[in-house]
Amino acid sequence: MVDARKYLELQKALGGNEVILSAPLGESSRGRDSGRGDLGEIASGPVAPRNDPIPTAPRNDGGSLRGGEAAEAVSPPGSKKGPKHWTDDAPPIPTAHGIQVERKESGLLEAPSPWNSLDEVAAAIASCTKCFLCEGRTKTVPGEGNPSARLMFVGEGPGQTEDETGRPFVGRAGELLTQIIESVELRREQVFIANAVKCRPPQNRKPLPDEIATCRPYLDRQIDLVAPKVLVALGATAAETLLKVKRSLADLRERVHSFHGIPLVVTYHPAALLRNPNWKKPTWDDIRIARQLLDR
Ligand code: URA
Ligand code: URA
């Protein structure tokens, strides 16, 4: 269950202009959360319906809920609705035709894979020197998560924190991704998280097409082994990698593509959300579409 605190956290992460965090938790703001002593500044307050056309308040937001940031109150007058569930006002699964990446006779792999498990894929990545990116890496970042996840995310490539730790999405963008996952009542450990390339590009530049192509067999085999029910591409690089098209993210969103028969939802990269909070609401919609596909 998403409790009030969780809901408010995610509202803040995903466009908190609509969230009112009231003054320190006092008697008057104690609602259904009154049993919890750990609300901190995340007190329950009125929450606007998500569809209200409320202008976005200026934020210095990084998506992080830490550090005691006080959230600005931008309460629409008269809205006293309590926290809601992610399904409330969720966009329907789009019916518009997406891009189809056809399943081949042999499944999604071009050739039989030499790797029989995710661990074997990770071991191959760890010793990979097939492209220039190996020269600058500290650690390889194969991906992590539930080996039989039903939901799988694909990002672009490791950043600094990922390169240092060998784990995907553990920097600021990763914290936001974790919140996005939790916003639809999943835990990070339940899903699988991978990237188009497994080594950090210098200065966090975009991976080059030949680097993506060289790394591609690892990702394909990971998807093949995990066999998720739903894929989410985080950002244009991931989307282009999987769909083999070059289109704007706006063109790729709002439809469900098919990657070898697996429904694929394209949304913004969490790092993009850190730069542009206006994209948080559309991302929240996309992720709710992916979540509905999981239940279908
Ligand atoms: N439940 C799971 O076990 N895995 C997922 O990826 C999603 C829901
Ligand atoms: N950005 C990505 O695309 N992947 C990561 O693992 C971290 C940041």
Side-chain angles (χ1 to χ4, degrees), residues 13-14 61-64 118 121-122 125-126 128 131-134 136-147 149 151-182 186-216 218-223 226 228 231-243 246 248-249 252-253 259 264-277 279-280 282-283 286-287 290:
L14 296 175
D61 164 73
S64 168
L118 290 168
V121 179
I125 292 167
C128 182
C131 88
F132 165 79
L133 296 184
C134 70
R137 75 184 175 214
T138 310
K139 288 192 174 166
T140 52
V141 183
E144 69 182 21
N146 177 356
L151 182 62
M152 179 165 175
F153 291 87
V154 178
E156 181 173 299
Q160 183 181 348
T161 319
E162 291 77 21
D163 176 69
E164 287 164 5
T165 58
R167 297 182 54 208
F169 282 99
V170 288
R172 272 175 86 222
E175 283 178 26
L176 187 50
L177 178 60
T178 301
Q179 289 178 327
I180 289 169
I181 292 166
E182 291 177 352
L186 297 173
R187 282 173 293 109
R188 192 178 149 117
E189 310 78 64
Q190 284 183 294
V191 306
F192 198 90
I193 305 173
N195 281 304
V197 297
K198 317 300 192 189
C199 298
R200 183 193 184 193
Q203 279 85 48
N204 294 347
R205 68 157 166 75
K206 268 185 190 294
L208 301 173
D210 65 312
E211 293 160 351
I212 292 174
T214 305
C215 215
R216 183 63 194 258
Y218 301 128
L219 178 63
D220 278 348
R221 183 59 167 153
Q222 287 173 318
I223 297 172
V226 174
L231 278 163
V232 175
L234 299 167
T237 302
E240 287 165 13
T241 298
L242 292 171
L243 294 171
K246 200 153 175 61
S248 73
L249 204 76
L252 294 171
R253 283 190 60 243
F259 180 77
L264 167 69
V265 172
V266 175
T267 193
Y268 294 99
H269 192 288
L273 306 186
L274 296 174
R275 294 190 298 270
N276 189 343
W279 289 334
K280 288 179 172 181
T283 301
D286 295 338
I287 210 72

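Ligands are counted one by one from 1 in listed order, and the atoms in each one are counted from 1 as well.
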So for ligand 2, is [X] a polar contact partner (N or O within less than 3.5 Å, distance only)?
X	result
Phe169	yes
Gly159	no
Glu162	no

Numbered atoms of ligand 2 (with element) below 4.0 Å of His269, judged on heavy atoms: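 That gives atoms 1 (N), 2 (C), 3 (O) of ligand 2.
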
For Glu156, atoms of ligand 2 separated by under 4.0 Å from a heavy atom: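 Near Glu156, the atoms of ligand 2 are 2 (C), 3 (O).
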
Ligand 2 contact by Arg167, heavy-atom criterion under 4.0 angstrom: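 No.
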
Heavy-atom proximity to atom 5 (C) of ligand 2, best of Gly157, Ala194, Gly155: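 Among Gly157, Ala194, Gly155, the closest heavy atom to atom 5 (C) of ligand 2 comes from Gly157.
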
Heavy atom of the protein closest to atom 4 (N) of ligand 2 (residue, atom name, distance):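 Sorting protein heavy atoms by distance from atom 4 (N) of ligand 2 puts Asn195 OD1, 2.8 Å first.
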
Salt-bridge contact Glu211-Arg205 (side-chain N to carboxylate O under 4.0 Å):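 Yes, Glu211 and Arg205 are salt-bridged.
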
Check: Asp163 side chain, Thr138 main-chain N or O, donor-acceptor pair, under 3.5 Å: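 Here the side-chain-to-backbone pair exists.
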
Flag for Glu164-Gln160: side-chain donor and acceptor within less than 3.5 Å: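 Yes, a side-chain donor-acceptor pair sits under 3.5 Å.
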
Where Arg188 and Val170 come nearest, the two heavy atoms and their spacing: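 Taking Arg188 first and Val170 second, the nearest heavy atoms are NH2-CG1, 4.0 Å.
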
Evaluation steps, ring-ring contact (aromatic ring centres under 6.0 Å, His included), between His269 and Phe153: CA-CA 11 Å; His269 192 288; Phe153 291 87; over 10 Å; no

Verdict with supporting geometry, Arg200 and Asn204, side-chain contact (heavy atoms from CB on, under 4.5 Å): CA-CA 7 Å; Arg200 183 193 184 193; Asn204 294 347; 2.8 Å; yes

